[in-house]
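Everything on this sheet refers to the single structure shown next.
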Amino acid sequence: MARIVQRVKLVPNIHLLEVEAPEVARKARPGQFIILMPDERGERIPLTLADWDAKKGTATSIFMVVGTSTEKLARLKAGDEIPVYVGPLGRPSEIGHFGTVLCAGGCFGIAAIYPLARAYKEAGNRVITVLDVRARYLLYWQDKLRKVSDELHIASRDDQVLPQEYIPYRLQKLLAEGEKVERVHVVGCTYLMASCAEATKPLGIKTIVSLNPIMLDGTGMCGACRVSVAGGTKFACVDGPDFDGHAVDWAELYARRRAYEPQEVLSLCELEKNLFPAEGQL
Amino acid sequence: MSEKEELAPEIKEKLKSEFQKPWRQELRRSVPVKERTKIPRQKMPERPPEVRNQDFREVNLGLEAEVARLEARRCLDCANPSCVQGCPVAIDIPTFVKLVEVGDFIQAVRKIKETNSLPAICGRVCPQETQCEAVCNLKKATGVPVAIGNLERFVADFEREAGEVFIPSLPPPTGKKVAVIGAGPAGLTVAGDLAKKGHQVTIFEALHVAGGVLVYGIPEFRLPKKILQAEVEYLKRLGVEIKLNFVVGKTATLDDLRAEGYEAFFIGTGAGLPNFMKIPGENLIGVYSANEYLTRVNLMRAYDFPRYDTPVLVGRRVAVIGGGNVAMDSVRTAKRLGAERAMIIYRRSRHEMPAREEEVKHAEEEGIEFHFLTVPIRYIGDEYGRVKAMECQRMELGEPDSSGRRRPVPVPGSEFITEVDLVVVAIGQSPNPLIPQTTPGLKVEKWGNLEVDWATMATSLEGVYAGGDIVRGGATVILAMGDGRRAAAAIDAYLRNGTRQ
């Protein structure tokens, strides 16, 4: 059992989860993830490590509420215990002195990009961070990110924040303005990663993405997380989660992530029935 | 390692002294051989196929006490018991069977436990028909061997159900810490053996339940989880600590554990890397590795979705690729989940199938279709990326290959397309690479198996031993336990002498 230190809502639908996990905190490296189970009947789901504190012995992830497991997580409070919290899993990101690194993150990826930006900065890179939010009120951690970035940009479709744009266009604009970038690292939903990779492809800038397929054991045992990269099959849990964004078969990843859509709806209905039994009888 | 090796002199000596005990002599005399051979082999009672293929409860019901005693009476108590030679852990089979015959079931199970710590499991999942029962002298005489496996299961169940599980008195602690990596059959065996020698044993398990393949792979209808839980409880009572959710190689490396004071290690991380055929369409939705399919259903209980959160795709027409036990488990699982057609697709003929005979028989009774001499060559998807059909090719058997089995050869022009909506690939697994990758100096062979000295199961690293599928690549529970047993003896000697043998 792992004890929850805190679970707070950062912005609507996005929550922070800090868990007592000294072994994970001691070993965590940027780019790695953990697998947890919200309760005894829950699914095993992967969450990227957004921060950790080896001294305090805690590890932190940010998650967006999308289905049963994350809905259950969002209802946990400090002191609660979850049956599974295992990691750190996956290969750590390759951090080196590349020159200028552009870190791009959207929704939960804003947090997931944080340890990467920090590590790139510590490795002596110039770090440009670009965050994507649908609307301004969905922005979080910008102060944390500003501290580890030489420049911080925000792309948004909020009509209060002009210009309205989606993150790949902002990347294109930055690069077109003559910014010389040696490496781009993107974390976020599949669509965001695919479109950012598409934006940098014509320029031939190495673009690393952190893939998020459905996983089960997270140790290479089951192959649920198969992704096609450069024509070959890789297991995201042990070969990744980082891959060359220009070589990923995005269409396949979209499809595989939707493999259980009908079951996910059914599962959420079941959860609501259990959470609100009286209303279920109306 | 071959199971057909000559028995060690000390085992032969022990068998002989048991054989000569007065009660055995008297028992042999009390019933003439002719009468013994006349008794028909007692049938294992099973639930009817059309009932059991609708749920996940156990297929075999177990023998009644009187039936078990009658079955035991068939055993001729040979002076030269070849069955012991057929057993990978050399259980004193005649003694335990004769104890069943006289009705002393508790002594019988203790006899087994001298060499096999998991009889309730082995009695259920061992391929007895190719091991002890294959070489039974009664088989040579009458064609029908003693049902050794059923008797093993009977006494183990008897002990558990009687609540009389025997906890041996433990020697004073040696103060030596041993790390066992992986809570599968090999690791559980090592842990039990070393705890009984007074060492402080910790098992590190990556998943959230102990048991390895026994919990994620073998389905409830073949090995109920409560049996495994009882064995794990037994280990805890021996003082074994089990750390779940701990991935050695990630959460801590083997060297980290060494720095924490562990002096000896056993790696039993299994064949946790599923093989695929690398044919087009293998990443379509609805194409599972057997590991994933069985893990969803067994470990995560997807058969009880949405009460449990993990879903599994339910196929109407399910093709399981392969002919081993894992393929049988997968196809019978598919049937239980509601498949209209659950099919085995196997590239050789029935004769070459590696699955246990009992599993094949059970599958046939449950309405599983077998398509032999057939191999998939590609999977075809719909516009959502879901598998909707597969193209197969017919095979014929050619010359024998290195395994001695006739090699399947494609028949040109025999391609055909068949509709399927779920495919389970059960063509074997490779050793999981996590530990070899993170343990400098640990030698591996060509296919990623750890290199060991078969007598002691010692790896290339001082104080590090290994066994089970991480060494063998994909074998049986009993062979894994045999490895564990040898490794435990070698680890004990190493810890006592401070050097390897």
Side-chain angles (χ1 to χ4, degrees), chain A residues 1-2 21 23-24 26-27 32 35-45 67-69 72 83-90 216-228 232-233 235 238 249 251-256 258-264 266-271 273-274, chain B residues 205-209 213 216-217 243-247 249-253 256 269-276 278 282-296 299-302 304-314 381 383-386 425 429-430 432-434 437:
Chain A
M1 292 298 242
E23 283 140 348
V24 175
R26 194 159 58 219
K27 278 279 169 185
Q32 289 189 298
I35 280 188
L36 59 74
M37 240 166 92
D39 62 27
E40 296 291 348
R41 289 186 183 179
E43 269 188 288
R44 293 171 64 97
I45 59 161
T68 299
S69 299
K72 283 180 171 179
V84 175
Y85 191 88
V86 58
L89 300 171
L216 201 52
D217 67 287
T219 63
M221 186 268 281
C222 82
C225 63
R226 321 202 274 294
V227 288
S228 293
T233 294
F235 288 10
V238 285
D249 181 340
E252 181 187 283
L253 182 61
Y254 284 132
R256 287 186 66 84
R258 280 199 302 265
Y260 299 98
E261 237 166 37
Q263 287 88 344
E264 281 164 15
L266 191 68
S267 176
L268 261 180
C269 292
E270 179 81 5
L271 180 69
K273 235 172 25 193
N274 293 333
Chain B
E205 166 57 44
L207 290 172
H208 55 282
V209 186
V213 71
Y216 74 73
K243 287 196 97 169
L244 301 170
N245 303 312
F246 196 109
V247 186
K250 289 288 177 189
T251 311
T253 62
D256 293 335
T269 46
L273 187 70
N275 295 342
F276 286 92
K278 300 191 163 49
E282 232 170 4
N283 290 348
L284 288 168
I285 299 166
V287 181
Y288 282 121
S289 74
N291 271 1
E292 179 181 358
Y293 187 62
L294 293 173
T295 300
R296 284 184 178 274
L299 178 72
M300 305 309 293
R301 306 197 194 204
D304 204 1
F305 177 87
R307 240 163 56 84
Y308 284 79
D309 294 346
T310 304
V312 68
L313 298 174
V314 175
E383 72 260 44
Y384 305 107
R386 293 175 185 267
V425 183
Q429 297 108 46
S430 304
N432 191 294
L434 266 185
Q437 275 171 6

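These numbers come from a predicted model, not from an experiment.
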Atom of B/Y384, atom of A/A255 and distance for their closest heavy-atom approach: O-CB, 3.8 Å
Residue [X] versus chain A: region with a heavy atom under 4.5 Å:
X	value
B/Q429	neither
B/R386	side chain
B/V287	both

For [X], is it the side chain, the backbone, both, or neither that has a heavy atom closer than 4.5 Å to a heavy atom of chain B?
X	answer
A/E23	both
A/R26	side chain
A/Q263	both
A/Y254	neither
A/T219	both
A/P88	both
A/E40	backbone

Side-chain touch B/P274/A/M221, heavy atoms, less than 4.5 angstrom: no
pair A/E43-B/P311: side-chain heavy atoms closer than 4.5 Å: yes
Separation of [Y] [atom2] from [X] [atom1] (nearest 0.5 Å):
X	Y	atom1	atom2	answer
A/L266	A/E261	CG	CD	13.5 Å
B/R307	A/E270	CZ	CD	9.0 Å
B/K250	A/Q32	NZ	CD	5.5 Å
A/I45	A/L36	CD1	CG	5.0 Å
A/R226	B/L284	CZ	CG	9.0 Å
B/H208	B/L244	NE2	CG	9.0 Å

For each of [options], tally heavy-atom pairs with chain B at distances under 4.5 Å, and name the one with the top tally.
options	value
A/G232, A/A251, A/G90	A/G90
A/A224, A/P262, A/C269, A/G67	A/A224
A/R258, A/M37, A/E252, A/R44	A/R44
A/D39, A/N274, A/T233	A/T233

Side chains of B/D309 and A/T68, donor plus acceptor under 3.5 Å: no
Counting heavy-atom pairs under 4.5 Å to chain A, which of [options] comes out on top?
options	value
B/D304, B/L294, B/T295, B/L299	B/T295
B/V312, B/T253, B/T310	B/T310
B/V247, B/L207, B/L273, B/I285	B/I285
B/N283, B/T251, B/N245, B/N291	B/N283

Whether B/Y293 and B/Y288 hold their rings parallel, tilted or perpendicular, with breakpoints at 30° and 60°: tilted
